[in-house]
S.K.: 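Before anything else, here's the structure in question.
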2 protein chains.
Amino acid sequence: MLHAVTDIDTSEALTERQKDVLDAALRLLVEEGDQLTMTAVARRASCSKETLYKWFGDRDGLLTATVQWQASKVRVVPVDRKGLDLPSLTASLERFASDWLKVISSDTSIALNRVAVGHASSGKDDLGVIVLENGRFALAKRLKPVLEAGRQAGFLEFSDAETAFRTFFGLVARDVQIRLLLGDRLELTDVAIGGDAVRATQQFLALFGAKTGPQGP
Amino acid sequence: MLHAVTDIDTSEALTERQKDVLDAALRLLVEEGDQLTMTAVARRASCSKETLYKWFGDRDGLLTATVQWQASKVRVVPVDRKGLDLPSLTASLERFASDWLKVISSDTSIALNRVAVGHASSGKDDLGVIVLENGRFALAKRLKPVLEAGRQAGFLEFSDAETAFRTFFGLVARDVQIRLLLGDRLELTDVAIGGDAVRATQQFLALFGAKTGPQGP
DNA sequence: TCGATGGCGTACCGTACGTTACGGTTCGGC
DNA sequence: GCCGAACCGTAACGTACGGTACGCCATCGA
């Protein structure tokens with residue numbers, strides 16, 4: 001289990017300058033992958049290495065701060081649960097699917113996940129936990145209320161929201177993330193993403209949609 | 001696209017001694033992750049570094065050979081398509097799902113995928129391609145004939161085998177692989193895997209099973 | 001005006017590791 | 001028994017990079 005390990009408010013007292021430095025590190029990470037050096041970050045950010053060490057402790061600290069900084073930038077848009085009907089539920093699910101596909105296919109996400117995966121082998125720091133907590137688990141946390149609302153409104157049928165979520169996750173992501181992480185050139189256009197979102201949502205509704213309508217037969 | 005890049009017969013003239021060395025490297029890779037050193041491999045395999053360099057060129061060559069060697073070890077068991085009925089189709093699908101879950105949750109697969117993901121960022125070598133080709137694409141190559149047979153027998157309905165396969169893939173793997181790669185302690189017991197295989201198969205049949213029987217109404 | 005603080009640039013140190021070189025040993029062929 | 005090839009073990013080399021020290025400048029409060 002790793003839930004509820006880091007609730008990540010982060011942005012904890014970061015000066016503008018520090019944010020700039022982390023942005024530079026992030027860009028470098030996207031461009032060059034994990035072999036980014038402290039010297040490169042310092043040069044790109046126009047700061048001295050000494051400052052990097054004073055602010056972030058060591059290389060892992062910088063990496064962690066960078067990942068957390070990126071995580072803090074994705075803001076959660078709450079879903080309103082008023083007037084829930086089937087079209088709006090469908091639209092919500094499609095929106096989640098589309099957003100998620102956009103995220104996992106973005107250069108930033110790919111780079112961050114690669115770094116985190118690489119560091120997970122030598123379980124030294126918590127990059128993997130941070131990425132999971134702000135990716136997969138954050139998604140679940142946002143989506144589950146929608147699923148629950150759909151169930152209470154009688155549009156969905158499932159016994160366990162976690163299981164339902166994981167199925168939705170699988171229907172949306174399929175093999176996309178692992179292929180991208182492994183370097184497969186998988187071009188996801190906006191229209192392809194939109195189509196996949198619709199397909200995944202329809203499949204999910206086919207599996208978990210209530211046979212009877214919200215009022216019953 | 002990266003299909004049909006490496007058809008990988010490999011094992012290309014590997015002496016027993018060389019296989020032993022690669023096995024040692026593989027074990028070391030599983031134990032220590034990507035930071036395995038040439039010295040460590042030489043010591044573990046009781047060979048000299050000079051021999052390593054003569055045989056495999058450089059560190060990347062050794063890594064590539066190791067990954068290919070592991071890939072060459074998984075033998076494909078062909079599925080017989082005789083006497084296809086719904087129970088045997090279901091059993092085949094469950095078997096594929098179960099096997100796949102066992103593979104992606106194995107220490108070896110996790111270690112290899114981590115290394116390949118790490119190397120994909122600095123697109124220097126083809127580790128990612130090799131892993132994909134022997135993982136996700138090999139699975140597709142084996143499963144698609146089964147899907148086609150199921151369709152011709154009238155048990156399945158789909159227009160594109162690739163799309164159907166990817167949905168099956170998503171239903172089986174869900175978030176398992178990325179969570180494991182990121183270091184989440186996800187314990188998959190045999191019974192849990194079996195249950196997941198059954199669930200994924202049922203969901204797949206619910207989505208792609210023919211509404212009419214094999215003979216039709 | 002002036003000391004102090006914070007940060008930039010750079011030179012430097014130590015180490016880890018990839019790579020190479022070399023002496024010693026085993027072994028198959030003559 | 002002798003030769004050369006292959007291989008083991010290890011020492012040595014070169015370099016890249018994490019981490020540190022230091023000189024210099026700008027800003028700021030007194």
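Naming convention: chains lettered A, B, ... in sequence-line order (proteins, then strands); numbering from 1 in each chain.
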S.K.: Pick base, sugar-phosphate or nothing for B/R43, based on heavy-atom distances below 4.0 Å to the nucleic acid.
M.R.: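 The residue B/R43 makes no contact with any strand.
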S.K.: Exactly one of A/F204, A/F168, A/F96 should register a side-chain contact (heavy atoms from CB on, under 4.5 Å) with A/L147. Which one does?
M.R.: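 The passing option is A/F204.
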S.K.: Parallel, tilted or perpendicular: which fits the ring planes of B/F169 and B/W100, with parallel below 30° and perpendicular above 60°?
M.R.: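 Taking B/W100 first and then B/F169, their aromatic rings sit tilted (interplane angle of 30° to 60°).
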S.K.: Round to the nearest Å and state the distance from A/R44 atom CZ to C/dG9 atom C1'.
M.R.: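 Between C1' of C/dG9 and CZ of A/R44: 18 Å.
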S.K.: By the definition side-chain contact (heavy atoms from CB on, under 4.5 Å), identify the one residue from A/D126, A/V115, A/V117, A/N113 that meets it with A/V131.
M.R.: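 The residue from A/D126, A/V115, A/V117, A/N113 that satisfies side-chain contact (heavy atoms from CB on, under 4.5 Å) with A/V131 turns out to be A/N113.
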S.K.: Within the 4.0 Å limit for protein heavy atoms, which parts of nucleotides 12-24 of chain C are touched? Write it as a string from 5' to 3', B for base, S for sugar-phosphate only, - for none.
M.R.: -----SSBBBB--
S.K.: Among all residues two or more places apart in sequence or in another chain, which pass the salt bridge (Lys or Arg N to Asp or Glu O under 4.0 Å) test with B/R174?
M.R.: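 Expected list: B/D196.
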S.K.: Atom CZ of B/R17 to atom P of C/dT26: distance rounded to whole Å?
M.R.: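 After rounding, the gap between these two atoms is 15 Å.
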S.K.: Distance check needed: C/dC8 C1' versus A/W55 CH2, whole Å only.
M.R.: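 The distance from CH2 of A/W55 to C1' of C/dC8 comes to 11 Å, rounded to the nearest Å.
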S.K.: With respect to B/S98, which candidate in B/R95, B/E94, B/K102 satisfies the side-chain hydrogen bond (donor to acceptor under 3.5 Å, both in side chains) definition?
M.R.: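 Filter result, single survivor: B/K102.
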S.K.: Quick one: A/Q18 CD to C/dG6 C1', roughly how many Å, whole number?
M.R.: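 Taking atom C1' of C/dG6 as the reference, CD of A/Q18 is at 12 Å.
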S.K.: Hey, is CG on B/D20 packed in by over 12 heavy atoms from elsewhere, all under 6.0 Å?
M.R.: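 Counting neighbours around CG of B/D20, more than 12 heavy atoms of other residues, nucleotides or ligands fall under 6.0 Å, so yes.
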S.K.: Report yes if at least one side-chain N or O of B/T51 is closer than 4.0 Å to OP1 or OP2 of D/dC7; otherwise report no.
M.R.: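 Looking at the OP1 and OP2 atoms of D/dC7, neither is under 4.0 Å from any side-chain N or O of B/T51.
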